[in-house]
There are 2 protein chains.
Amino acid sequence: MATTVQRHRPPTPGQEAGEEPCWPALSEAPLRRADAETLAGVLRAIADPARLQLISLIQAARGGEACVCDLVAPLGLSQPTVSHHLKVLLDAGLVTRSRRGSWAYYRLVPERLAALAQLLA
Amino acid sequence: MATTVQRHRPPTPGQEAGEEPCWPALSEAPLRRADAETLAGVLRAIADPARLQLISLIQAARGGEACVCDLVAPLGLSQPTVSHHLKVLLDAGLVTRSRRGSWAYYRLVPERLAALAQLLA
DNA sequence: AGGCAGTATCGACAGATGTCGATGTCTCAC
DNA sequence: GTGAGACATCGACATCTGTCGATACTGCCT
């Protein structure tokens, strides 16, 4: 018999089955740890001021693409650092790289950004 | 007279004024450093597996709110750590806290998430 | 009043991350 | 071929971040 008070549970009027969430995602209710890790990985790629500026600069660039030499000055960071950030975005699948001559042109992958937005919506 | 070759500029067919970007945001074209910092701050708050799971758990909870004692077990982290993550989300304005009795109930701020989604779209 | 349960804060520590200068690689112009 | 420019990689370093145990704080119940 539960004569003891059991304050370990807050006054929860009912613990039925889970209802449908009111908004579609963040990957449906419980979100397994592995999925959270994956998602966090992509989010971490854009959770940096320099990389956000890079995305913005690439998006605004003529033809939707930009080479490293166009990005170094506006960011005010060294060329190796800019290359590093671009690699992070590349590994996250948020940009693509295409080499033409000596130059490396980076281009956004809008579907990837859109997928992230979808997921938060 | 540009008789020297100037390989410092890639073969860019024209450098007119900036056109309108094809998709609304990431804060409009150039994105100032300060704005990037602010935005990155909020993104960093959700760019963590534990915090993503917290958001998911709170969203799925009965009544759209959950207290710490309901979140510790599912996350498999210590109570102080969970409190820490909740504070990060709180400081980022992504959740609200309301104390009732001994318990602290956390609730999402959907507008904040929606704003982020909007920004990436 | 006293004890206890739920949370928050503190201090410490390991690991991840952003940054740079130096250096390597590749391509183009001469 | 030689030199120079564009980019990537490497190694080092300072800083940030996630995690924990210990502890302090705050309301409830008896």
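Letters A, B, ... mirror the listed sequences (proteins, then strands); counts begin at 1.
- Taking atom CG of residue L77(B) and atom P of nucleotide dG21(D), one finds them 11 Å apart after rounding to whole Å.
- Using a 4.0 Å heavy-atom distance criterion, R51(B) is classed as a sugar-phosphate-only contact.
- Nucleotide dT9(D) holds its P atom 6 Å from the CZ atom of R97(A), rounded to whole Å.
- In this structure, S83(B) does not reach the dT7(C) phosphate: none of its side-chain N or O atoms is under 4.0 Å from OP1 or OP2.
- Between the NE2 atom of H85(A) and the C1' atom of dT9(D) there is a distance of 15 Å, given to the nearest Å.
- Comparing A104(B) and Q79(A) against DNA chain C, the residue whose closest nucleotide sits nearer the 5' end is A104(B).
- In this structure, D91(A) atom CG and dG18(C) atom P are separated by 12 Å, rounded to whole Å.
- Sequence order on DNA chain C of the closest nucleotides to A47(A) and R99(A) puts A47(A) first from the 5' end.
- Checking dG18(D), dC7(D), dA8(C) against every side-chain atom of W103(A), the shortest atom distance belongs to dC7(D).
- Using modelled atom types, no side-chain atom of R51(A) and backbone atom of A40(B) make a donor-acceptor pair closer than 3.5 Å.
- Across dC28(D), dT19(C), dC20(D), the shortest atom-to-atom separation from the side chain of S102(B) is found for dC28(D).
- Judged purely by atom type and a 3.5 angstrom limit, R107(B) has no side-chain atom pairing as donor or acceptor with the backbone of S98(B).
- Across dT19(D), dT9(C), dC7(D), the shortest atom-to-atom separation from the side chain of K87(B) is found for dT9(C).
- The side chain of Y106(B) places an N or O atom within less than 4.0 Å of a non-bridging phosphate oxygen (OP1 or OP2) of dA8(C).
- Whole-Å rounding puts the L89(B) CG to dG18(D) P distance at 10 Å.
- A straight line from CG of L86(A) to P of dA6(D) spans 16 Å, rounded to a whole angstrom.
- Using a 4.0 Å cut-off, some side-chain N or O of S78(A) falls inside it from OP1 or OP2 of dC20(C).
- Checked options L54(B), L89(B), I58(B); the residue passing with Y106(B) is I58(B) (criterion: side chain to side chain contact (heavy atoms under 4.5 Å, CB included)).
- Note: CG (L75(A)) to P (dC7(D)) measures 14 Å, nearest angstrom.
- Q79(B) contributes atom CD, which lies 11.0 Å from atom CG of L71(B) (distance to the nearest 0.5 angstrom).
- Atom CG in D48(A) sits about 14 Å away from atom C1' in dT17(D), given to the nearest Å.
- Interatomic distance, CZ of R44(B) versus CZ of R44(A), reported as 12.0 Å (0.5 Å rounding).
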